[in-house]
Peer 1: 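Got a structure here, written out as structure tokens. Questions coming.
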Amino acid sequence: MSPISRGFHRRHEEAEPAGRVPPGQYVTPDFPVLSAGPTPHTPVANWTFSIEGGQSPASWTWAEFQALPAETVTVDIHCVTRWSKLDTVWKGVSLDVLLGAVSYDAPYVLAFCDGGYTTNLPVADLKDGKAWVAYSYGGSPLAPEHGGPARLLVPHLYFWKSAKWVRGLRLRETDAPGFWEMYGYHMYGDPWREQRYAGD
Amino acid sequence: MAWQTATVDSLVDETASVRTILLSVPDWAGHEAGQHLDVRLTAEDGYRAERSYSIASAPGEPVAITVERMDDGEVSPYLTEELRAGDEIELRGPIGGYFVWEPAFSGPLLLLAGGSGVVPLRAMLRHRSRVGSSVPVRLLYSARSWAEVIYRAELARLGDGVQVIYALTREQPPGWTGYARRADQAMITEVAWPVAQAPLAYVCGPTNFVEAVAADLVALGYPPAQVKTERFGATGTP
Amino acid sequence: MDALEDGVVDGNAIGGLLIEVFGTEMTTAVVTCAQCGATGQVAELAVYRPGLGTVVRCRSCDNVLMVFVQIRSVTCVDLMGLAQLA
């Protein structure tokens with residue numbers, strides 16, 4: 001039996017449930033940098049975003065990507081490590097625009113990134129105004145440590161699904177676990193049902 | 001290696017934000033200079049936090065750790081401000097077979113500390129004194145200011161065979177003639193033992209400090225196997 | 001070999017975790033990277049701890065050598081990036 005450490009308590013108390021914060025989270029004004037590897041520094045001259053698989057794969061250079069219609073959105077983000085950050089402002093291209101440019105009927109994607117990170121999502125969770133490839137945060141170009149030049153932004157799922165340094169999506173017939181999912185993190189990751197780990 | 005319950009014997013304030021905690025550890029198997037231990041705290045609601053701290057005392061001395069209070073920390077504010085003599089904490093150790101120094105190791109000793117990286121090096125210095133070793137030592141200790149130097153009085157009393165060189169990076173006392181900048185190649189070149197003397201180097205502190213200093217030593221010709229490193233991660237602005 | 005970023009630590013920091021997993025002191029164990037063949041002691045490897053798990057990488061080529069994830073008091077250990085762990 002571990003002794004109780006007199007007077008010790010967690011630093012961040014969980015937020016009162018008030019509709020905006022999923023269960024088990026606390027709100028932070030900070031934007032923690034959490035990375036599983038070194039920060040890539042891909043020059044935009046070498047950057048492309050691709051959608052692979054499907055009937056008509058597509059690829060955009062940085063210049064082509066910047067020419068696509070973009071949106072500025074304000075969203076809340078929720079990390080599985082329990083911090084939530086409210087009212088974050090991003091600018092990017094909606095996945096509706098990107099997926100709209102290709103022909104496919106696959107139900108899943110695996111997002112792939114500079115540095116080798118991957119994460120899996122259902123296509124349905126990328127459509128209908130739910131996801132972006134974001135290249136600006138808080139009014140400035142997205143910093144490398146936060147995923148720049150561009151990252152996936154899927155705020156309705158835990159933030160490990162919003163893959164940093166994203167370079168494309170591979171359309172798939174079946175759902176395949178990405179980096180963290182392989183080690184036991186939830187395949188879907190809905191913070192509102194507290195789906196942190198497989199089996200939740 | 002099991003977790004065991006230790007009792008806090010006494011507390012020593014080293015600086016305004018750094019405290020040494022002396023412990024009674026019933027089943028302590030002894031330790032080597034440079035090793036660390038893991039501390040685990042459990043809150044009443046079952047919440048647990050674990051951190052690693054270098055052992056500040058020499059083999060044979062009571063187990064002690066020196067903790068720096070991090071402003072945004074969860075465990076360090078508790079250990080440096082709340083913990084009292086008589087409290088119990090869980091720990092396991094000693095841990096680490098790489099970053100250790102024994103008097104039997106030959107060659108002059110070069111110790112390079114960035115901030116609280118001085119803690120395991122201080123254990124090495126105390127060990128050296130206790131066994132009466134005459135291995136020549138140079139300690140380069142980089143700290144933000146004189147007020148933030150840990151073990152200041154003790155380091156001044158180390159005596160023959162030990163040279164302590166300070167680099168105060170942010171603020172220096174009036175009349176300071178020592179280094180007043182962060183460690184760089186020129187400074188390392190000036191303080192390092194010549195390669196021909198087959199020195200052994202231990203570098204400990206924030207990651208940026210360790211990376212830069214270790215690279216400078218290798219650039220000077222130190223064989224990488226003779227440069228031991230321990231990185232503490234980020235500890236705030238230099 | 002690029003300098004590690006602030007916040008990244010080394011194998012010394014996971015000494016306790018390695019004892020838990022392997023039952024013995026491992027920081028002086030020598031690893032061989034399966035991707036580039038570089039060898040080195042565990043203590044000198046790059047260790048990333050983003051909160052979801054612990055990722056240990058080769059200093060020469062950044063290949064993932066080891067991953068440790070602790071979920072519900074079970075530790076998942078992946079050593080697939082190693083050619084050898086002595």
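Chain letters run A, B, ... following the sequence lines, proteins first, then strands; residues in each count from 1.
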Peer 1: Which answer fits B:Ser52, side chain, backbone, both or neither, if we ask what part of it has an atom under 4.5 Å from a heavy atom of chain C?
Peer 2: side chain
Peer 1: With a 4.5 angstrom heavy-atom cut-off, is it the side chain or the backbone of C:Ala3 that approaches chain B, or both, or neither?
Peer 2: both
Peer 1: Counting heavy-atom pairs under 4.5 Å with chain B, which one of C:Gly11, C:Ala13, C:Gly16 comes out on top?
Peer 2: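 The candidate making the most pairs under 4.5 Å is C:Gly16.
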Peer 1: Looking at B:Val210, B:Ile95, B:Thr207, which makes the most heavy-atom pairs under 4.5 Å with chain C?
Peer 2: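 Heavy-atom pairs under 4.5 Å are most numerous for B:Thr207.
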Peer 1: Side chain, backbone, both or neither: which part of C:Leu17 has a non-hydrogen atom closer than 4.5 Å to chain B?
Peer 2: backbone
Peer 1: Do you know which two heavy atoms are closest between B:Val100 and B:Tyr202, and how far apart they sit?
Peer 2: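 Answer, listing the atom of B:Val100 first, then B:Tyr202: O-OH, 2.7 Å.
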Peer 1: Ignoring hydrogens and geometry, is there a side-chain-to-backbone donor-acceptor pair from B:Gln226 to B:Pro223 under 3.5 Å?
Peer 2: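 No; judged by distance alone, with no hydrogens or angles, the pair does not exist.
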Peer 1: Distance-only, no hydrogens or angles: does the B:Arg122 side chain make a donor-acceptor pair with backbone N or O of B:Ala56 under 3.5 Å?
Peer 2: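 At least one qualifying donor-acceptor pair exists.
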Peer 1: If we only count heavy atoms from C-beta on, is the B:Tyr47 to B:Glu74 side-chain gap below 4.5 Å?
Peer 2: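 With C-beta onward as the side chain, the pair touches.
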Peer 1: With a 4.5 angstrom heavy-atom cut-off, could you sort out which part of B:Asn208 is near chain C: side chain, backbone, both or neither?
Peer 2: both
Peer 1: Would you indicate whether the side-chain heavy atoms of B:Thr80 and B:Val18 approach each other to under 4.5 Å?
Peer 2: no
Peer 1: Could you check whether any side-chain heavy atom of B:Lys228 comes within less than 4.5 Å of a side-chain heavy atom of B:Glu230, counting everything from C-beta outward?
Peer 2: no
Peer 1: Output the option from C:Val8, C:Leu4, C:Val47 having the highest count of non-hydrogen pairs under 4.5 Å with chain B.
Peer 2: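 Looking at each of C:Val8, C:Leu4, C:Val47 in turn, C:Leu4 comes out on top.
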Peer 1: Tell me, for C:Glu5 versus chain B, whether the close heavy atoms (under 4.5 Å) come from the side chain, the backbone, both or neither.
Peer 2: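 Backbone only.
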Peer 1: For the residue pair B:Tyr166 and B:Tyr141, categorise the inter-ring angle as parallel (less than 30°), tilted (30 to 60°) or perpendicular (more than 60°).
Peer 2: tilted
Peer 1: Go through the atoms of B:Val227 and report whether side chain, backbone, both or neither lie under 4.5 Å from a heavy atom of chain C.
Peer 2: backbone
